[in-house]
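Below, chains carry the letters A, B, ... as their sequence lines are ordered, and counting in each starts from 1.
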Protein chains: 2
Amino acid sequence: MRTMTWNQQVVKKNNKALVLQLIMEKEPLSRADIAQVSGLNKTTVSSLVSELLDEELIYESGPGESSGGRRPVLLHFNKDAGYAVGIDIGVNYVLCVLTDLKGNIVIEKNQMVHRTPYSAIMSIVQNMITSLIKEMPSSRYGIIGIGVGVPGMVNKEGSILLAPNLGWTNIQLKEDLENLFHVPVIIENEANAGAVGEQQFGAGLDNQNLLYVSAGIGIGVGIILNNDLYQGKNGFSGEMGHMIIELNGKSCNCGSRGCWEAYASENALLAMADPNIDSLESLMELAEKGDQQALDLFKQIGQYLGYGINNIINTFNPEQVIIGNRLAMAQKWIEEPIRTTIAQHTLAYHQKEMQLKFSKLKKYSTALGVSAFVVDYFIKEEAKTP
Amino acid sequence: MRTMTWNQQVVKKNNKALVLQLIMEKEPLSRADIAQVSGLNKTTVSSLVSELLDEELIYESGPGESSGGRRPVLLHFNKDAGYAVGIDIGVNYVLCVLTDLKGNIVIEKNQMVHRTPYSAIMSIVQNMITSLIKEMPSSRYGIIGIGVGVPGMVNKEGSILLAPNLGWTNIQLKEDLENLFHVPVIIENEANAGAVGEQQFGAGLDNQNLLYVSAGIGIGVGIILNNDLYQGKNGFSGEMGHMIIELNGKSCNCGSRGCWEAYASENALLAMADPNIDSLESLMELAEKGDQQALDLFKQIGQYLGYGINNIINTFNPEQVIIGNRLAMAQKWIEEPIRTTIAQHTLAYHQKEMQLKFSKLKKYSTALGVSAFVVDYFIKEEAKTP
DNA sequence: AAACTTTGTTTGCTAGATATACAAACCTTT
DNA sequence: AAAGGTTTGTATATCTAGCAAACAAAGTTT
């Protein structure tokens, strides 16, 4: 049961968070604007704003344009009050970004890796963070937290139960990083993180219900409903790569048959391609040159993606579906077949007003997503302090 | 953006609702118990309880057992403070129940129908409600609202956009009923209502994340996540009957191919059966007699249901999947193939702790679900009054 | 220059949650 | 049975935070 008790502190905390959120989203903004938009009393707004000023989460700037009376004092979000670390651990790379509180990348580190034992990846990550901290501009709050996106199943306590493509089982990355750096650490599945990233900073701005299809070596889906990431009972939601789209179809690594990712992932694409083509990149080069076989392959993959997205739309009636991860690089060739497939199969009422988009953050979706997570946590915690 | 402003009225309203909810769920209960469980101050609880007593939503009973000191005054939920009407409009029946505030059926009316033009159904519904009102016991609040479940797409404003099996398009049932009876009216999709019904009164008690698979003439799915019904952007979520489970598979009424409900619905079952079998009931009779063909058919349908449920589990990582509507009557024959199919296909981590159950409310799922909706709305509204 | 507008603060009020004290009712121990 | 301790529930006073009204400051319009 949700035993949530309400009292004045809760009210204040939430109002303060509301004011801060408004400033973040619509800066520059006057106190009067905030009062009008939020419905809060002018005095209440003034008092909350003054606390936020003390905490250096916002700052004032010179007077704005008058609208027929006294000129307003404009308020801005202090995006440099602290910095978040966002890390994307992929199968052959580690990407690490330092972002300000608005998700702008301040420093970026990228390293290719060939083998992925935990100890090796851990030491790379540790080095990256340590050097980020050295290079980081000084600020009121410093590093506010570390977020990590991994291609695997993460439970709600932050344990990585299984990351097949990294060869990891039962890894306590959260604990290890917290012991090293003594800041809040958040571990998330790569698709979930990507969904949050796109919603906060990318193609999904202002959308309450969106699905992010991470189409890479496998397929995972990040699910945002009513503005919140939906994680399922244990944190394992969105394993739609293993949705069956063909009865007794191609066999899949997971032991089942006919899974979506056996048809529509990068692995599936390469399996269908000529054996001497070894990467998505080389296939894209061929397509760029007009190679018919490559073009047909992309068309095929687009159709397969479309079938799965049909299922997503009929299930969730979302505002938006965003396609991300590596296959999104092939947008040029796969977009049209995806759209055609949806148009032919999906219920008309569901198609109406539904937006299909491609990732805007590209390779940064996941890293920026976990960074957004960290910022979110910080903002909520910070707004609490008296 | 969620521009939710908070103030003391909101606090009080929510605390009052919390207290009432506690009493509903755990009666009998003393004021001291409530204070302890909720974390609210004893005085606060006392004052809220006294308001609830004035409103006759709860009542006191003789003192309970002492636990070493003064004996507590026990509080009970007054389930007879008012009554809700729940109506299930099916393709060949109209079921209408009057329930108390705990979902117990007080009066029940059931009528077979052969043709389903709106005017005919509407007059049946009107007559049923009118006679319910006559027969209803007297109470403080009388009829607190009317809920209707329909097999079709209902938008968030309560318009029935499309109910193919009834032959309805763009029906304003909500408006019509409100004009007739002047109480709040809620219209919901049949599967959504069933999900709510099972969660509140049936097989899904205490589950925060559950999916209700309404397997009847077609297939619809009601989705409850984090204790709330998820309706999607427009209210059209859960059309998983049109999830593609076979590429280029059987053609479906919706215009697409390979839809789940083309394989696993009652219609699909009858299409596969001998042409002189005209109903699920007669097929069940055959199976009861040990007819091998009938048994095989049920096994087949069970497998098909299992494939779709596999997709549901991998997508949502739910606590529970409940199978309801007409096909649930064949539990005896379809349960085992469903379980086997899931065991063979679904990711192991997702299977763990996942409960598969069959409807407990049987034919009442939908009617009790909309009734629960009405009660919920009433409780929330009522708690507001000063 | 006078009148009006808009912005933001000061002042006093109020609702509602909380802490403290206390009374009532009960149990346990001597 | 009397004393002492517990538990339940209420009465009283206090405090927090939002709100309304008044006002000051800084504009614009006529």
Inset, instruction - On DNA chain C, check which nucleotide each of Pro72(A) and Gln9(A) is closest to and give me the residue with the more 5' one. - result: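 Whichever sits nearer the 5' end wins; that is Pro72(A).
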Inset, instruction - If a pair satisfies ring pair (Phe, Tyr, Trp, His ring centres under 6.0 Å) and one of its residues is in residues 18-72 of chain A, list it, with sequence neighbours excluded. - result: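 Matches after skipping sequence neighbours: Tyr59(A)-His76(A).
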Legend entry - Summary of ring pair (Phe, Tyr, Trp, His ring centres under 6.0 Å) pairs that have at least one residue in residues 29-52 of chain A, sequence neighbours excluded: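 Matches after skipping sequence neighbours: none remain.
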Which part of the nucleic acid, if any, lies within contact of [X], taking any heavy atom under 4.0 Å across all strands shown: a base, the sugar-phosphate backbone alone, or nothing?
X	value
Ser47(B)	nothing
Val45(A)	nothing
Val73(A)	sugar-phosphate

Legend entry - DNA chain D: 5'-most and 3'-most nucleotides touching chain A, 4.0 angstrom heavy-atom criterion: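 Listed 5' to 3', the contact boundaries are dT16(D) to dT28(D).
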Protein-nucleotide distance ([X], atom [atom1]; [N], atom [atom2]), rounded to Å:
X	N	atom1	atom2	result
Ile34(A)	dT9(C)	CD1	P	11 Å
Gln8(A)	dT14(C)	CD	P	16 Å
Leu40(B)	dA17(C)	CG	P	8 Å
Leu29(A)	dT7(C)	CG	P	11 Å
Arg31(A)	dT10(C)	CZ	P	11 Å
Lys13(B)	dA15(C)	NZ	C1'	16 Å

Legend entry - Any residue meeting salt bridge (charged side-chain N to carboxylate O under 4.0 Å, His left out) with Arg71(A), in chain and number order, not counting sequence neighbours: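 Scan of Arg71(A) (salt bridge (charged side-chain N to carboxylate O under 4.0 Å, His left out), adjacent residues dropped) gives none.
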Legend entry - Partners passing salt bridge (charged side-chain N to carboxylate O under 4.0 Å, His left out) against Lys357(A) (at least two apart in sequence or in another chain):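 Lys357(A): no salt bridge (charged side-chain N to carboxylate O under 4.0 Å, His left out) contacts found.
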Legend entry - dG8(C) phosphate, OP1 or OP2, under 4.0 Å from Ser46(A) side-chain N/O: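 Looking at the OP1 and OP2 atoms of dG8(C), neither is under 4.0 Å from any side-chain N or O of Ser46(A).
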Inset, instruction - Give a yes/no answer on whether the side chain of Asn15(B) brings an N or O atom under 4.0 Å of OP1 or OP2 in dA17(C). - result: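 Checking dA17(C) against Asn15(B), a side-chain N or O does come within under 4.0 Å of OP1 or OP2.
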Legend entry - Residues that Phe201(B) engages under ring pair (Phe, Tyr, Trp, His ring centres under 6.0 Å), provided they are two or more places apart: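 By the ring pair (Phe, Tyr, Trp, His ring centres under 6.0 Å) rule, Phe201(B) matches no residue at all.
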Inset, instruction - Under the ring pair (Phe, Tyr, Trp, His ring centres under 6.0 Å) rule, collect the residues that match up with Tyr377(A), sequence neighbours excluded. - result: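 So Tyr377(A) forms no ring pair (Phe, Tyr, Trp, His ring centres under 6.0 Å) with any residue.
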Legend entry - Any donor-acceptor N/O pair, Glu319(A) side chain to Gln208(A) backbone, under 3.5 Å: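 Here the side-chain-to-backbone pair exists.
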Legend entry - Output field: ring centroids Phe316(A)/Tyr230(A) closer than 6.0 Å: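 No, ring centres 6.0 Å or more apart.
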Inset, instruction - Indicate for each nucleotide in nucleotides 19-27 of chain C, in 5' to 3' sequence, whether protein heavy atoms under 4.0 Å reach the base (B), only the sugar-phosphate (S), or nothing (-). - result: B---BBBBS
Legend entry - side chain to side chain donor-acceptor pair (under 3.5 Å) partners of Glu353(B), counting only residues at least two apart: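 So Glu353(B) forms a side chain to side chain donor-acceptor pair (under 3.5 Å) with Lys233(A).
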